[in-house]
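Ligands are counted one by one from 1 in listed order, and the atoms in each one are counted from 1 as well.
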Amino acid sequence: MRIGAPDQSPAGIAPAVTAFLKTPRMLIGGQSVDGEAGSFEVFDPANGQVLARVPEASEADVDRAVRAAAAAMQGPWGTMPGAARTGLMLKLADLIEEHGEELAQIETLENGKSIMMSRLIEVLSSAEYIRYMAGWATKIRGETLDVSIAIPPGTRYTAFTRKEPVGVVAAITPWNFPLNMAVWKIAPALAAGCTVVLKPAEETPLTALRLAELVREAGFPDGVVNVVTGGGAVGAALVAHPGVNKITFTGSTDTGIKIGTRAMQDVKPVTLELGGKAPMVMFDDMDLGLLGPATGIGIFLNTGQTCCAGARLFIQRGIYDEAVSVLKGIVSSLPIGPGMDPGNQINPLVSARHQAHVQAAIARGIDDGATPLLDLVAPESGYFVAPQLFEGAAPHCALMQEEVFGPVATITPFDTEDDVIAMANDVRYGLGASLWSRDINRLMRLLPRVQAGTVWINSHNIPDQNMPFGGFKQSGLGREHGSGALDNFLETKSVCVAYS
Ligand code: NAD
């Protein structure tokens with residue numbers, strides 16, 4: 001069912017969703033399979049009820065998936081022209097749209113997020129992302145090189161480079177944008193001609209498993225895409241598997257460090273998209289009318305569970321009191337409730353564990369001396385946490401330094417450009433940041449001083465498939481999206497040709 005054709009069943013849940021949730025299966029070598037290690041429960045964050053039981057992969061399952069992906073590199077996929085790969089990817093994008101409402105509902109049920117977000121970001125922007133990457137499959141190119149080799153005398157040379165798929169890719173993804181993150185990994189890997197074993201987050205494996213069914217339906221050869229489910233141990237088995245040629249990971253910095261360390265033992269290339277603690281820097285001359293999108297999108301999009309969320313606001317003294325008062329009003333008016341109701345902008349957090357983590361971060365902030373500005377109430381059933389803004393957080397307290405990844409932000413006044421740049425950069429992260437001002441000279445002057453992979457001007461937290469995305473400092477290694485996205489999945493081979 002396409003998005004925009006609402007289902008009429010009483011609970012609002014499409015019959016196809018109910019049917020899928022009964023027996024979700026992994027995809028290994030083109031076969032739909034259960035997990036050798038049993039199964040685990042996935043919960044609906046809106047009510048804490050069990051939503052589905054999902055296969056738990058064993059090490060042997062991981063091994064089979066990697067072998068299937070390696071075998072697929074040697075099969076028809078390995079020699080398939082780029083245009084044919086494009087065709088398969090476009091078919092997959094069409095299928096995602098065709099099953100859009102179903103995927104959106106599964107996403108909201110497993111993750112808790114607003115159904116509007118699931119429709120627009122998880123589904124429609126994932127389909128667009130695949131189409132964008134499908135276009136690069138026919139544009140892979142090397143270079144011709146002049147060389148100066150002088151031996152043996154009389155021999156002449158010419159050289160060129162070939163770009164070749166790196167091989168089997170292990171893709172490990174987090175729970176905050178489950179379908180989107182899976183697609184961000186799979187699409188450029190397929191465009192480059194690689195095969196993939198995807199391990200989605202254990203909290204939200206369901207849309208990846210439904211995506212696997214659509215991959216089969218699109219007609220990809222067996223083993224080109226495999227999906228295994230389970231916890232961190234399944235991811236670790238994948239990272240350590242000798243048959244994996246490349247690792248691409250999105251998740252927390254702590255897990256990223258473990259994965260990167262393990263990958264280096266085998267000298268495997270690794271791309272890491274990690275955590276963030278983004279600053280939003282608001283100057284006296286900003287358009288205060290932008291505080292609405294700054295709050296709704298910049299800070300509280302996905303209930304603050306975004307890696308670029310503007311978790312640290314810095315507001316210049318001249319507008320400080322007025323801006324804080326407006327922000328408090330906006331946040332207090334955000335409707336809180338289950339994601340299946342599109343009117344709700346603050347939804348449950350992904351899991352009971354994460355709810356406890358966010359609640360603990362709020363309590364610690366208060367213990368450390370920060371002042372909470374809001375007194376909002378969250379629904380009791382489900383994994384809700386009411387949004388909170390803090391003033392007076394000390395620069396090096398946990399609230400200012402550690403990722404909360406929930407509906408929580410600090411607000412700090414500043415006087416000068418130098419002061420605020422020093423504070424904005426004073427974290428181990430460097431993923432996103434934003435500057436809010438009408439003064440182009442100020443903005444251009446400050447841009448090079450902001451340590452972040454993406455700097456938004458008068459906006460925040462909106463990535464695009466054509467904009468390279470990744471982190472400075474401990475926010476990651478490498479860039480996704482854009483014209484360079486396929487480079488993560490290609491090896492460069494120099495070819496030197498001697499002739500007389
Ligand atoms: P996480 O690091 O706990 O888990 C991410 C994935 O890694 C999961 O699939 C998990 O099962 C797996 N994993 C855990 N331990 C592993 C191990 N030792 N070896 C291999 N795999 C392992 O992260 P999370 O809590 O699921 O996601 C939230 C985090 O993701 C936040 O820190 C957020 O900032 C980050 N994130 C970053 C980006 C980005 O593009 N930079 C985007 C979204 C989320």
Side-chain angles (χ1 to χ4, degrees), residues 40 42 54 56-57 59 62 110-111 113 121-122 129 170-185 197-205 207-208 227-241 244 247-263 265 268 270-278 301-311 349-351 353-358 361 402-406 427-432 452-454 461 463-465 467-481 485 488:
F40 63 96
V42 173
V54 168
E56 171 100 39
E59 264 193 50
V62 170
E110 69 174 344
N111 172 280
K113 69 178 54 191
I121 298 181
E122 301 288 353
Y129 196 85
I172 300 172
T173 52
W175 47 257
N176 64 333
F177 286 94
L179 184 60
N180 219 216
M181 293 294 130
V183 161
W184 284 14
K185 305 287 181 210
V197 182
L198 169 70
K199 206 296 283 177
E202 52 273 42
E203 294 87 348
T204 55
T207 41
V227 181
V228 292
T229 45
V234 177
L238 202 47
V239 169
H241 197 292
V244 166
I247 296 152
T248 176
F249 171 75
T250 297
S252 63
T253 293
D254 290 347
T255 305
I257 290 169
K258 280 187 210 156
I259 289 178
T261 305
R262 181 62 189 84
Q265 284 179 27
K268 273 180 202 163
V270 58
T271 306
L272 300 173
E273 295 287 1
L274 308 178
K277 191 79 181 169
L301 185 87
N302 209 29
T303 312
Q305 300 166 113
T306 64
C307 47
C308 290
L349 301 181
V350 70
S351 64
R353 190 164 141 247
H354 191 55
Q355 179 192 34
H357 160 78
V358 174
E402 292 170 16
E403 212 180 15
V404 177
F405 220 58
V427 282
R428 68 168 168 153
Y429 299 110
L431 191 60
T454 302
N461 213 6
D464 183 89
Q465 57 220 9
M467 266 164 52
F469 184 77
F472 282 27
K473 302 194 285 189
Q474 292 192 20
S475 284
L477 206 58
R479 294 290 180 272
E480 295 185 314
H481 311 349
N488 291 323

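- The contact set between ligand 1 and Pro200, taken as ligand atoms under 4.0 Å from a residue heavy atom, comprises 9 (O).
- Below 3.5 Å of separation, one finds an N or O of Ser252 facing an N or O of ligand 1.
- On a distance-only criterion, Lys199 and ligand 1 share at least one N/O pair closer than 3.5 Å.
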Run the numbers on Glu122 and Lys113 for side chain to side chain contact (heavy atoms under 4.5 Å, CB included), then give the verdict. CA-CA 10 Å; Glu122 301 288 353; Lys113 69 178 54 191; 2.5 Å; yes

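- Of the heavy atoms in Glu403, only side-chain atoms (C-beta onward) come closer than 4.0 Å to ligand 1.
- A cation-pi arrangement, defined by a distance under 6.0 Å to the six-membered ring centre and an angle within 45 degrees of its axis, is absent between Lys199 and Phe249.
- Looking only at protein heavy atoms, the nearest one to atom 25 (O) of ligand 1 is Trp175 NE1, 3.0 Å.
- Every atom of ligand 1 with a heavy atom of Thr250 under 4.0 Å away is listed here by number and element: 5 (C), 36 (N), 37 (C), 38 (C), 39 (C), 40 (O), 42 (C), 43 (C), 44 (C).
- For atom 28 (C) of ligand 1, the closest non-hydrogen atom on the protein side is Phe405 CE2, 3.7 Å.
- A donor-acceptor distance shorter than 3.5 angstrom exists from the side chain of Thr253 to the backbone of Gly275, with no hydrogens or angles considered.
- An N or O contact shorter than 3.5 Å links Thr173 to ligand 1 by distance.
- Ion pairing of Arg479 with Glu273 is absent here, as no side-chain N (NZ or NE/NH1/NH2) approaches a carboxylate O to less than 4.0 Å.
- Between Asn176 and ligand 1, no N or O atom pair is found at a separation short of 3.5 Å.
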Under the ring-ring contact (aromatic ring centres under 6.0 Å, His included) rule, what do Phe469 and Trp184 come out as? Steps first, then yes or no, please. CA-CA 11 Å; Phe469 184 77; Trp184 284 14; 5.7 Å; yes

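- Residue, atom and distance of the protein heavy atom nearest to atom 27 (O) of ligand 1 are Pro174 CB, 3.2 Å.
- There is a side-chain donor-acceptor pair under 3.5 Å between Thr207 and Glu110.
- Asn302 places no side-chain N or O within 3.5 Å of a backbone atom of Gly304 that could act as its donor or acceptor partner.
- Scanning the protein heavy atoms around atom 7 (O) of ligand 1, the nearest turns out to be Phe249 CE1, 3.2 Å.
- Considering only non-hydrogen protein atoms, atom 12 (C) of ligand 1 sits nearest to Ile172 CG2, 3.7 Å.
- Residue contact check for ligand 1: Gly256 places no non-hydrogen atom closer than 4.0 Å to it.
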Take Tyr129 and His481 through the test ring-ring contact (aromatic ring centres under 6.0 Å, His included) and record every step on the way to the result. CA-CA 9 Å; Tyr129 196 85; His481 311 349; 5.2 Å; yes

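- In this model, a donor atom of one side chain and an acceptor atom of the other lie less than 3.5 Å apart for Asn461 and Thr306.
- Ligand 1 is never approached by Phe177 to a heavy-atom distance shorter than 4.0 Å.
- At a heavy-atom distance under 4.0 Å, only side-chain atoms of Glu202, from C-beta outward, approach ligand 1.
- No side-chain donor-acceptor contact under 3.5 Å links Gln265 to the backbone of Arg262.
- Close approach of ligand 1 to Gly235 is summarised as follows: ligand atoms under 4.0 Å from at least one heavy atom of the residue are 19 (N), 20 (C), 21 (N).
- Across the listed options Cys307, Pro178, Gly251, Gly251 owns the non-hydrogen atom lying nearest to atom 35 (C) of ligand 1.
- Formation of a donor-acceptor pair under 3.5 Å by the Lys473 side chain with backbone atoms of Val427 is found in this model.
- Counting heavy atoms from C-beta on, the side chains of Glu202 and Phe40 come closer than 4.5 Å.
- Closest protein heavy atom to atom 17 (C) of ligand 1: Gly232 O, 3.7 Å.
- Distance alone, capped at 3.5 Å, places no donor-acceptor pair between the His241 side chain and the Val62 backbone.
- Checked against a 3.5 angstrom limit, the closest N/O atoms of Val239 and ligand 1 fall outside it.
- Between the side chain of Ser475 and the backbone N or O of Leu431, at least one donor-acceptor pair lies under 3.5 Å.
- Within a 4.0 Å radius of atom 4 (O) of ligand 1, the protein contributes no heavy atom.
- Side-chain contact annotation: Thr250 with Lys185, donor-acceptor N/O pair under 3.5 Å present.
- Close approach of ligand 1 to Leu431 is summarised as follows: ligand atoms under 4.0 Å from at least one heavy atom of the residue are 41 (N).
- Protein heavy atom in closest approach to atom 41 (N) of ligand 1: Leu274 O, 2.7 Å.
- Remark: distances from the non-hydrogen atoms of Gly476 to ligand 1 are all 4.0 Å or more.
- Shown in contact with Ile259 at under 4.0 Å from a heavy atom are these atoms of ligand 1, numbered in order with element: 19 (N), 20 (C), 21 (N).
- Nearest to atom 16 (C) of ligand 1 among the protein's heavy atoms is Thr255 CG2, 3.4 Å.
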